[in-house]
Participant: 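Input: one structure, supplied below.
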Amino acid sequence: MEIEAMYEQLGVSRAVYEYGEAVLRDLRPRFDAIDQTAEYNQGKVLAAMQKNRVNATHFAATTGYGYDDEGRDNLERVYADVFHTEAALVRPQITCGTHALTVALSANLLPGDELLSPVGAPYDTLEEVIGIRESKCSLKEYGVTYAQADLKPDGSFDYDAIREKINERTKLITIQRSKGYATRPSFSVAQIGELIAFCKSVKPDVKVMVDNCYGEFVEPIEPSDLGADMVVGSLIKNPGGGLAPIGGYICGTKECVERCAYRLSAPGLGQEVGANLGLMPSFYQGLFLSPTVVSGALKGAIFAANIYENLGFACVPNATEDRHDIIQAVTLGSREAMVAFCKGIQSAAPVDSYVTPEPWAMPGYDSDVIMAAGAFVQGSSIELSADGPIRPPYAVYFQGGLTWYHAKLGILMSLQKLVEAGLVKLPE
Ligand SMILES: *Cc1c(COP(=O)(O)O)cnc(C)c1O
């Protein structure tokens, strides 16, 4: 069967397919550059696995307390080597990215300390963690205060404001690499490195944590290569490679990571407890696949930006910008268009392709959220997914795709649904 006929069978009209092919023709050099980064990062992961002599005994399941869990301990050494840090905490007991960040923050901030975000407001779910929105057990409730320096209107760091906000109580600085649900730019690792150097020049003993969610393996280096004391993320995003069914990681200095381990389990117990419950094969293999998976997701993001920018929708990053995470924001301008876009992504999925996404009040978010995800791991956003809060400017955040071909189909289907709803007209 011809490829056009295959796409028609999947629901993509010939006009939408041909429009996509025309857009793709110009993207080949950028795809080559993405493949080169993936090749480099594959080497980095392989070198860490070889150095730590990964073997079949590391895949064995443990239960109960998980004392002497060599598979878990060795995985943490592998992560530490991949991120070039002294230590790592990589656990299925870390339930999600927000949890990993909460552990990192609450382990390293004590009553009377101040947390500073020099990059504007943090990710939505962290508002309750910090206490920007009132919540039980927030850092604020424990006497940790919060300060924020906003970005300049052009999205750059406001160094004067940052210097002003750093005071004798500033203990930890949190830098979010990816834009999250904001339409600011994401930061390159080099930019983050400059910001870290600046903060440490103002206050040498301040600790810096980077929320690395969605950024892993997008570039050849990570924020931990440029002075971050902790990098933190979720295993159902990039580094889980689509295979990890749960989990989070914190890589960083021994001092910081040790405290995180005591916070996660209990003072005195730390990293010694925490059974792996049979998840080691998916954690190791997911990390192994992650650089390739991330490369497919990046191609999908760039394809989406080029498709939608051509049709007049604002995209962040735009069609030609360099990438620092796998997220693509497309400002669709209306609730109807967000729903149509998400319907398209959903209908392209291998799992739950027949369900219709609807906006709902998701815990941790202060407006209705729509989500399209037909994933093998529920809620996984390294798998092809789209979501966004239903509020102006009605931007949908598109990410993931375990393979480039699936990401491509998803984007073509999103366009198909917008065309069918009369919300987009293809150029003649
Ligand atoms: C996803 C994400 C989080 C939170 O992770 P969850 O797994 O959804 O709890 C935090 N920060 C950023 C930038 C994210 O993208």
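For ligands, and for the atoms within them, numbers begin at 1 and follow the listed sequence.
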Participant: Which pair of non-hydrogen atoms, one from Glu141 and one from Lys136, has the smallest distance, and what is that distance?
Facilitator: OE2-CA, 3.9 Å
Participant: Report, in ascending order of atom number, the atoms of ligand 1 lying under 4.0 Å from any heavy atom of Thr98.
Facilitator: 4 (C), 5 (O), 6 (P), 9 (O)
Participant: For atom 7 (O) of ligand 1, which protein heavy atom lies nearest, and how many Å away is it?
Facilitator: Gly97 N, 2.8 Å
Participant: We want to know whether Asn52 and Asp81 form a side-chain donor-acceptor pair, criterion being a heavy-atom distance below 3.5 angstrom.
Facilitator: yes
Participant: List the residues meeting salt bridge (charged side-chain N to carboxylate O under 4.0 Å, His left out) with Asp113, not counting sequence neighbours, and say none if there are none.
Facilitator: Lys171
Participant: With a 4.0 Å cut-off on heavy atoms, does Ile327 reach ligand 1?
Facilitator: no
Participant: Output the list of atoms in ligand 1 that are nearer than 4.0 Å to some heavy atom of Gln176, sorted by atom number.
Facilitator: 13 (C)
Participant: Taking only residues two or more places apart in sequence or in another chain, which ones pass salt bridge (charged side-chain N to carboxylate O under 4.0 Å, His left out) with Glu216?
Facilitator: none
Participant: Enumerate the atoms of ligand 1 whose separation from the nearest heavy atom of Cys96 is less than 4.0 angstrom.
Facilitator: 7 (O), 9 (O)
Participant: State whether the shortest distance between N or O atoms of Asp211 and N or O atoms of ligand 1 falls below 3.5 angstrom.
Facilitator: yes
Participant: Distance under 4.0 Å to a non-hydrogen atom of Leu101: what atoms of ligand 1 satisfy this?
Facilitator: 10 (C)
Participant: How close does the nearest protein non-hydrogen atom get to atom 2 (C) of ligand 1, and which residue and atom is it?
Facilitator: Lys237 NZ, 2.3 Å
Participant: Taking atom types as modelled and ignoring hydrogens, do the side chains of Glu114 and Thr145 form a donor-acceptor contact shorter than 3.5 angstrom?
Facilitator: yes
Participant: Please report whether ligand 1 has a polar contact with Tyr214, defined as an N or O pair separated by less than 3.5 Å (distance criterion only).
Facilitator: no
Participant: Taking the cut-offs as 6.0 angstrom to the six-membered ring centre and 45 degrees off its axis, would you call Lys299 and Phe398 a cation-pi pair?
Facilitator: no
Participant: Do Thr253 and Asp229 have side-chain N/O donor and acceptor atoms under 3.5 Å apart?
Facilitator: no
